[in-house]
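Below is one structure, written out as structure tokens; the observations come after it.
Every number for a ligand or one of its atoms is a count from 1 in the order of the listing. Counting from 1, the numbers follow the sequence of the chain as shown. Hydrogens, waters and symmetry mates play no part in the numbers below; they use all other heavy atoms, side chains included.
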Amino acid sequence: MDHVRPPRPELESLIAYDARDVRAEVLLASNENPSNLPGELLEKLGERIRSMDFNRYPDPLASELRELIAEANGLEASNVLVGNGGDELISDLLLAWGGPGRVVVDLPPTFAMYGIDAAVTGTTLVSIPRREDFSIDGDALLNRLSGDDIDIVMIANPNNPTGTLAPETLLIDVLNATDALVLIDEAYFEFSRHTMRPHMSRHANLVILRTFSKAFSLAGLRAGYLLGHEDVIRELMKVRQPYSVNRFTQMAAAAVFRERPVFEAGISHLLRNRDMLIAGLGTMPEVEVFPSEANFVLFRVAHASAVWRDLLREFSVLVRDFSRTPGLEDCLRVTVGTEEEIQRFLAAMDEILARRHAAAHFGVHATAARHAGGRDRG
Ligand SMILES: *Cc1c(COP(=O)(O)O)cnc(C)c1O
């Protein structure tokens, strides 16, 4: 055949997730930890890899890691599900609680994967926009939930890409208002230090998502986990890929989890760097900085896409451009990196903005010259 019939119609309006995997010297686009694993841990993993049975399928449920996570959270293993990154678990949630004829709520601007997985699974997406300051519109959300047709609610807390933390009282109101499955996505928990875990015993509809990709320096290995009621976890096991978390990732994530106190100093350090980053952006009159409870900062600057391009092309600094996302016009998001990386980003911003001032002045002359002389090149 010289052609292939089209795929499901849902895909027509979808654009593949573009993580902008662009090469740059300073990578501040994906909210990763700027540091690799501590050397001792790397050595330990290197040793263990030599005796690893690569020929054997991994443990489907990552039992060792699962039990460690359960114990640390005062739960049973049956309350924990480990996934190939948090992304896989979000997809599993929509496979099990979404689907054709079912409805998911998200609160944009927020994590793009909720909407993408909704489309992929044929789930109807109801978006309740955040307010101008990126806080959740509680009245609109609770009002919509009273309609009783919602099957699942996705709340990133703190929210990505805005950094906003929701009041706990509002989240409790949500859990009380509906029997829909409520995902509280705590991908940045280690930075915000806020969790809904204490409310699990009273709310069978609460699931909490965490990841090893951000604070724990394991974005490259893909590991995340859900905490939830055992009945919820049991349903998710029906839809998941049985061997999604490979043997090496299971071993490395368990080692990292065991050693997690080692990461505390680094996390505190990143929080101080975040203050430095916010203060630095705060000195630029052209920039509006939003508060953040995570390891990234959202800011608004005129002609953001041009700034994004100049940062990359001229300074080899990669940040994330959200300027085409509704509600985030002229917004860029920068990850909290090392001091050196932040200084380099701030210096680049200073130079770009300074040049823009100069160009604006020069622009007056250029326009005058054009009027006086030749033709406009358009
Ligand atoms: C990064 C992130 C995740 C999950 O990332 P993984 O690398 O797939 O574990 C989930 N939710 C939010 C809001 C995130 O920012």
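- Taking the six-membered ring where the residue is Trp, F212 and F216 present tilted rings, their angle falling between 30° and 60°.
- Between E264 and R193 a salt bridge is recorded (basic side-chain N to carboxylate O distance below 4.0 Å).
- In this structure, F296 has its ring center closer than 6.0 angstrom to the ring center of Y188.
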List the steps, then state whether side chain to side chain donor-acceptor pair (under 3.5 Å) holds for S323 with D330.
CA-CA 4 Å; S323 60; D330 273 334; 5.6 Å; no
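- For the side-chain contact (heavy atoms from CB on, under 4.5 Å) test, residues two or more places apart in sequence or in another chain that qualify with A204 are H229.
- Sorted by chain and number, the heavy-atom contacts of ligand 1 below 4.0 Å come from G85, G86, D87, F111, N160, D185, A187, Y188, T211, S213, K214, R222.
- Test T169, L145, V105 against V174 for side chain to side chain contact (heavy atoms under 4.5 Å, CB included) and you get one pass: L145.
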